[in-house]
Amino acid sequence: MKVEKLIVTLAPTGNVPTKELNPNTPVTVDEIVEDIKKCKELGVSIAHIHVRDKDGNPTSDRSLFEKVLKKLDEDNVDIIKQVSTGARGGENTVDFRGQMLDLNAHMASLSTGSSNFPNSVNANSPELIKALAEKMYSNNIKPEIEAFDVGMISNAKKFLKKGILKEPLHFNLVMNVPGSIEGTPKNLMFMIDSLPEDSTFTVSGIGKSQVQMLTMAIIAGGHVRTGLEDILEIEKGVPASNMELVERVVNIAKAVGRPIATTAEAKEILGL
Ligand code: MG
């Protein structure tokens, strides 16, 4: 069996981490770009980008996304740029959530269902999903389907049938988000088995499920995401840095004999 190279995604910031929760959280444009650069040197080929306003709160502000993307280009950082259209940045409309989709990103996250976060609803109506997907394709941006639960995979298949999503699909199986599918080996195998044939997938393991979920993904032929968006501590009571998290997963991949993809190889695997 041919071993496909491993795509490592960095999710440096997310919506939840703060400097108070972890002082290493990058929140300004410069801090975000700096972590992406350092992690690229360690093996990362995709940057999953969230931005924060001047008070450090999550936002979908197009001008902030533009600054991050521009700085990555200006600094010649050869990386796949993936913007987040996630639900915690403000209003639930395509105009707000998808305002950055006309920028020159390669990919964007797309949740294909709704769920509960600990203190809010992750609301993604069929109309919103359709509108975001249409805007992505019309700007040549490949969706990364964020599935927090198996029903979101079923929804993606329905959108595929209707022609709203286009093959080959790429998924991010986000395991262990509080309120969604728990990060257990059985659950991850079930999620993987539920994917449409010919799709590619990345696995994110939230909190303490991370090492187990990512190790399984590497062995099962999937790809991996890490970063402070997904896990704040490298071990109990010790704040992680993005670089430490990337190093850890790259070392696991080496130990099980999975080579790391370059950005060019990642683009080929994903059909970008
Ligand atoms: Mg995200």
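Just follow the structure's listing: the first ligand is 1, and inside any ligand the first atom is 1.
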Practice prompt. Name all residues meeting the side-chain contact (heavy atoms from CB on, under 4.5 Å) criterion together with S180; count only those two or more places apart in sequence or in a different chain, and write none if there are none.
Written response: S115, F148, D149, V177
Item to complete: Assess the side chains of D95 and T93: does a donor N or O sit below 3.5 Å from an acceptor N or O?
Response: no
Worksheet entry | F159 six-ring centre to K130 NZ/CZ under 6.0 Å and within 45° of normal | no
Worksheet item: Step by step, would you call N122 with S114 a side chain to side chain contact (heavy atoms under 4.5 Å, CB included)?
Response: CA-CA 5 Å; N122 172 30; S114 301; 5.8 Å; no
Practice prompt. Less than 2.8 Å from the Mg ion (ligand 1) is the window; count the protein N, O or S atoms in it.
Written response: 3
Item to complete: Name all residues meeting the salt bridge (Lys or Arg N to Asp or Glu O under 4.0 Å) criterion together with K81; count only those two or more places apart in sequence or in a different chain, and write none if there are none.
Response: D73
Item to complete: Please identify each residue that fulfils salt bridge (Lys or Arg N to Asp or Glu O under 4.0 Å) with E268, with sequence neighbours left out.
Response: none
